[in-house]
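Quick notes on the structure that follows.
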Amino acid sequence: MKQDVIVIGGSYAGMAAALQLLRARRSVLIVDAGRRRNRFASHSHGFLGQDGVDPAVIWATAREQLLRYPSLTWIDATAVDAAGQREEFRVTLEDGSGHDGRRLLFAVGVRDILPDIPGLAERWGRTVFHCPYCHGYELDRGRIGLLASGPMALHQAQLLPEWGEVTLFTNGAVTPDAAALADLAARGVGVETAPVVRLDGEAEVVLADGRRLGFAGLFTAGRNVPASPLAESLGCELEETPFGTQIRTDAAKETTVPGAFACGDAARVPHSVSLAVGDGAWAGAQMHRSLVF
């Protein structure tokens with residue numbers, strides 16, 4: 001059976017897109033590998049109506065609602081190949097099975113390339129974060145450490161004082177000039193140039209000179225890349241952003257391959273659950289239009 005739309009990625013953006021299509025009584029296949037980006041976090045914030053809810057619960061509730069629509073097929077699997085063209089796409093799964101669709105949506109999310117600091121990955125999403133709008137409020141204006149990973153750290157350092165007392169750890173990743181240092185000082189941001197050796201405890205930074213500095217929470221700006229290479233292998237162009245690499249789309253969320261669309265973290269910046277849902281809803285509506293006109 002040829003589906004109207006195959007969605008690769010069943011997280012928030014992919015499900016939001018599918019919902020619009022299902023409500024237009026279109027057939028949709030969602031292929032989901034079960035690797036949500038925020039699977040490490042226990043609470044989701046900043047999403048209207050779901051503030052403070054476990055993101056796994058938000059996901060499960062949304063999936064349950066989608067499965068009530070008879071034109072949805074959901075497969076828990078990893079897509080390993082995407083080929084074809086508008087009206088004639090084929091997605092191959094890890095078990096070798098092939099599925100055909102008129103349109104294709106990449107809602108694959110992103111992979112976070114984090115600074116190579118021992119102890120950071122284990123605390124990612126728990127006491128080390130990327131988005132102050134998602135996690136800053138819960139730090140209760142406590143001490144905040146910012147682990148630089150590149151030039152974006154200066155922008156983060158300017159923003160984070162809204163949520164607490166900030167210390168920027170340059171860690172060899174950024175060298176603020178005199179103007180930047182003056183600006184940070186005016187905002188009350190401290191600057192530490194000693195190398196970071198590791199993270200300990202809940203959110204403790206251990207420096208090469210032996211000092212141990214404790215914080216309510218830590219932030220960093222890792223580099224993002226699409227979590228799956230399938231869009232690029234299909235021929236979709238990628239583009240660079242201050243946050244990393246994403247799939248290039250137009251205003252209708254269509255990629256440079258006609259009939260193939262992309263949405264969510266893999267196709268827009270900045271990132272949050274609410275922004276992914278909105279992006280997915282728009283992509284779903286635009287894909288429906290492409291099937292009609």
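Quick note: residue numbers are just sequence positions, from 1.
Ring geometry, His135 versus Phe129: the interplanar angle falls under 30°, so the pair is classed parallel (tilted spans 30 to 60°).
A distance of 7.0 Å separates CD in Glu192 from OG1 in Thr167, rounded to the nearest 0.5 Å. Put simply, CG on Leu105 and CD on Gln286 are 12.0 Å apart, with the number rounded to the nearest 0.5 Å. Annotation: the span from Arg123 atom CZ to Glu202 atom CD amounts to 7.5 Å, rounded to 0.5 Å. How far CD of Glu239 is from OG1 of Thr245: 9.5 Å, rounded to the nearest 0.5 Å. For the atom pair CD of Gln20 and CH2 of Trp282, the computed distance is 11.0 Å after rounding to the nearest 0.5 Å. Taking OG of Ser27 as the reference point, atom CD1 of Ile6 lies at 9.0 Å (rounded to 0.5 Å).
Residues Leu22 and Leu291 share a hydrophobic cluster, clusters being chains of Ile/Leu/Val/Met/Phe/Trp/Tyr side chains in contact below 4.5 Å. Linking Ile, Leu, Val, Met, Phe, Trp and Tyr residues whenever their side-chain heavy atoms come within less than 4.5 Å leaves Val166 and Leu213 in two separate clusters. Cluster membership for Leu181 and Leu154, using ILVMFWY side-chain heavy atoms within less than 4.5 angstrom, is shared. Both Val5 and Leu66 sit in one connected hydrophobic cluster of ILVMFWY residues. Membership requires side-chain heavy atoms under 4.5 Å apart, directly or through other members. Placement of Val205 and Trp124 within a single hydrophobic cluster is found when ILVMFWY residues are connected by side-chain heavy-atom separations under 4.5 Å, directly or transitively.
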**Asked** Would Val28 and Thr73 satisfy side chain to side chain contact (heavy atoms under 4.5 Å, CB included), going step by step from the backbone distance to the final call?
**Response** CA-CA 6 Å; Val28 177; Thr73 301; over 6 Å; no

**Message:** If you apply the rule side chain to side chain contact (heavy atoms under 4.5 Å, CB included), what do you find for Glu138 with His43, and how did you get there?
**Reply:** CA-CA 10 Å; Glu138 281 62 43; His43 297 86; over 6 Å; no

**Item:** Leu159 and Phe219: CA distance, side-chain angles, deciding distance, side chain to side chain contact (heavy atoms under 4.5 Å, CB included) verdict
**Value:** CA-CA 11 Å; Leu159 186 65; Phe219 286 85; over 6 Å; no

**Message:** Set out, in order, the CA-CA distance, both residues' side-chain angles and the distance that settles side chain to side chain contact (heavy atoms under 4.5 Å, CB included) for Leu184 and Gln158, then state yes or no.
**Reply:** CA-CA 7 Å; Leu184 294 176; Gln158 292 173 318; 4.3 Å; yes

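Sorted by first then second residue, the ring pair (Phe, Tyr, Trp, His ring centres under 6.0 Å) pairs that include residues 160-185, not counting sequence neighbours, are Tyr133-Trp163, Phe169-Phe215.
Using a distance-only test at 3.5 Å, with no hydrogens or angles considered, a donor-acceptor pair links the side chain of Arg143 to the main chain of Gly214. In terms of modelled atom types and a separation under 3.5 Å, the side chain of Ser149 and the main chain of Pro115 share no donor-acceptor contact. Panel note: side chain Thr220, backbone Gly222; no donor-acceptor pair is recorded below 3.5 Å. Side chain of Asp250 to main chain of Glu254: a donor-acceptor pair is present (N/O by atom type, distance under 3.5 Å, no hydrogens or angles). Checking side-chain atoms of Ser228 against main-chain N and O of Val108 turns up no donor-acceptor pair under 3.5 Å.
The pair Arg223-Glu240 meets the salt-bridge criterion, with a side-chain N (NZ, NE, NH1 or NH2) lying under 4.0 Å from an Asp/Glu carboxylate O.
Residues that satisfy the salt bridge (Lys or Arg N to Asp or Glu O under 4.0 Å) test with Arg103, not counting sequence neighbours, are Glu87.
Nearest heavy atom pair, residue Pro161 against residue Ala157, reads CD-O, 3.0 Å.
With respect to Thr170, the side chain to side chain contact (heavy atoms under 4.5 Å, CB included) criterion is satisfied by exactly one of Thr175, Leu146, Val191, Leu147: Val191.
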